[in-house]
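Note that the structure is predicted; figures quoted are calculated from it, not measured.
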Amino acid sequence: MYEFSDLKIIHHLDRLWAICRGELSPPVTVEIELTNACNHRCIFCLDQSYNAIINATLKEAPLLNLAAEIAGQGVESVIFTGGGEPLLYYSFSKIVQHFRTKGLHIGLITNGEAIDRHLEAIPHLSWVQVSLDAASVEIHQKLHNPFKNNIFQTIVDNLYQISTSVFTGISYVLHPDNFRQMPAAIRLAREVGCRFIAFRRVDGLPQAQSFTPAMLMELRELMAGINWRQEANFQILAPRLDHFAPGYRPLPYSPCLAHHLIGILSSDGNFYPCRTLRGDADYAYGSIYRDSFQNIWYGEKRKAVLEKIARGDCSARCLGHTFYLRYDHYNHWLEYLSRGRDRVGHVEFL
């Protein structure tokens, strides 16, 4: 199973070289935040401060128009994700089916509660990732704090319902209150027919929710007892223990270029370079309510934002300081390629 490999980036070498040459290239993927309304109030949610500023849901008509625009510009895939919970969007199934008719591949990141409202959309998706983060009602209730009490079993039933028809998996944020349930979560993922479970550290936890040294020792021992061997139809994605080191580290690359590969459409209608910068007008490329995707992506406003990023104006806010986020992996590739053959020694040897 190579679905989760960072090496997938080599399938887009034409765009990587274009970025290294300083050219504007269309993103491979557009992440769309349909709404920042949510039916869960996760205690580790990184969107709380953003949602306190922005309370928005994308309008349907401009969103439908966007599908043909991004497909025409060379975008290959769309991920419907948070902000909020995408399945709360009133016409989610209609949106998914429309985007699929334009040839776009579609992924969904959801908390799983409302899957049964949009079953007609499931066959049109390439994959579904359910943020479960627990293996019991009690821990799920504590961490996700859903508006409906004891919704955990509903989510599990939804996983049973869709796992035979779409590539489905569980995302599991490791937290001091849930890490001891890792083995039970693995068993649950297998039982419901998931193809993977992905363990990761949540970014930017407050000190009160951080792992103590004793907890980290316990986590290390727990992980040592798990069989991480990849199976034909099931994969366990392990966290890296060095990701749990406290504090932030300097970015291991300069400048950030990975934002060229992924477009972020926020529920306020604006495109942004990354999720961390959503809601900041100084980093907004432009709005789908006022302009076409082509004009937004290749326009002067985006070029001005790219200059800010190139200067490192946003680096102090970057969650990539922990060096293991999605953009970081791609930035390592881009930094290497941008050096040029003449600046990389011994390329003749493998």
Side-chain angles (χ1 to χ4, degrees), residues 8-34 56 58-81 83 86 89 91-92 94-109 121 124-127 255-278 281 283-310 326-327 329-331 333-334 337-338:
K8 289 193 296 184
I9 198 172
I10 66 177
H11 294 283
H12 307 285
L13 280 174
D14 55 336
R15 301 190 203 218
L16 299 185
W17 285 119
I19 293 167
C20 292
R21 292 192 298 266
E23 300 171 7
L24 295 182
S25 179
V28 176
T29 297
V30 169
E31 294 186 4
I32 298 179
E33 176 187 288
L34 293 172
L58 287 174
K59 297 176 182 178
E60 183 183 275
L63 189 56
L64 291 171
N65 292 335
L66 181 69
E69 291 184 41
I70 61 176
Q73 289 295 315
V75 173
E76 298 184 15
S77 60
V78 166
I79 301 173
F80 292 112
T81 183
Y89 194 77
S91 59
F92 177 79
K94 175 182 177 180
I95 294 297
V96 165
Q97 293 176 60
H98 178 76
F99 273 69
R100 192 69 192 98
T101 64
K102 306 306 177 185
L104 294 159
H105 300 275
I106 303 171
L108 169 65
I109 299 175
H124 302 280
L125 301 173
S126 295
W127 52 264
C256 176
L257 295 171
H259 53 84
H260 289 275
L261 296 168
I262 304 164
I264 307 294
L265 177 60
S266 173
S267 58
D268 66 3
N270 285 302
F271 271 93
Y272 294 95
C274 67
R275 295 184 61 80
T276 305
L277 296 172
R278 289 171 305 148
Y283 288 92
Y285 294 159
S287 172
I288 62 171
Y289 300 145
R290 294 186 291 274
D291 218 336
S292 67
F293 175 77
Q294 181 175 0
N295 289 342
I296 292 170
W297 199 255
Y298 299 99
E300 295 304 315
K301 192 170 183 182
R302 179 168 182 253
K303 290 177 183 177
V305 172
L306 296 184
E307 290 178 4
K308 293 177 186 288
I309 297 172
R326 181 181 182 188
Y327 281 19
H329 301 302
Y330 301 149
N331 272 320
W333 279 83
L334 287 161
L337 292 175
S338 63

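Using a 4.5 Å heavy-atom threshold, the side chains of R21 and W17 count as touching. Considering only heavy atoms from C-beta on, R302 stays 4.5 Å or farther from F271 through its side chain. Using a 4.5 Å heavy-atom cutoff, the side chains of N295 and Y285 are not in contact. With contacts defined as side-chain heavy-atom distances shorter than 4.5 Å, the pair R15/H260 does not qualify. Residues N270 and S287 have side chains in contact (heavy-atom distance under 4.5 Å, counting atoms from C-beta outward). Using a 4.5 Å heavy-atom cutoff, the side chains of I19 and L261 are in contact. Using a 4.5 Å cut-off on side-chain heavy atoms (C-beta onward), Y327 and L334 make no contact.
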**Request:** Take L24 and K303 through the side-chain contact (heavy atoms from CB on, under 4.5 Å) test and state the conclusion after the steps.
**Result:** CA-CA 9 Å; L24 295 182; K303 290 177 183 177; 3.8 Å; yes
**Message:** Between L104 and V30, does the side-chain contact (heavy atoms from CB on, under 4.5 Å) criterion hold? Intermediate values first, please.
**Reply:** CA-CA 10 Å; L104 294 159; V30 169; over 6 Å; no
**Message:** For L63 and I32: C-alpha separation, side-chain torsions, deciding distance, then whether side-chain contact (heavy atoms from CB on, under 4.5 Å) applies.
**Reply:** CA-CA 10 Å; L63 189 56; I32 298 179; 4.1 Å; yes
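At distances below 3.5 Å, not a single donor-acceptor pair connects side-chain atoms of Q73 with backbone N or O atoms of P26. Of the possible donor and acceptor atoms, one in the side chain of H98 sits under 3.5 Å from a partner among the backbone N and O of L64. Not one N or O on the side chain of W297 forms a donor-acceptor pair closer than 3.5 Å with the backbone of S292. Judged by distance alone, with hydrogens and angles left aside, the side-chain atoms of N331 form a donor-acceptor pair with the main-chain N or O of A258 at under 3.5 Å. Checking side-chain atoms of R275 against main-chain N and O of I264 turns up no donor-acceptor pair under 3.5 Å.
Summarising the geometry of D268 relative to Y289, their closest heavy-atom pair is O-CE1, 3.8 Å, with the distance given to 0.1 Å.
Within a 6.0 Å radius of NZ in K59, other residues, nucleotides and ligands contribute 12 heavy atoms or fewer.
For the side-chain contact (heavy atoms from CB on, under 4.5 Å) with P273, the qualifying choice from I262, L306, I309 is I309, the only one to do so.
The ring pair (Phe, Tyr, Trp, His ring centres under 6.0 Å) check on Y89 picks up nothing, with sequence neighbours excluded.
Using a cut-off of 4.0 Å between Lys/Arg side-chain N and Asp/Glu carboxylate O, E31 and R278 are scored as not salt-bridged.
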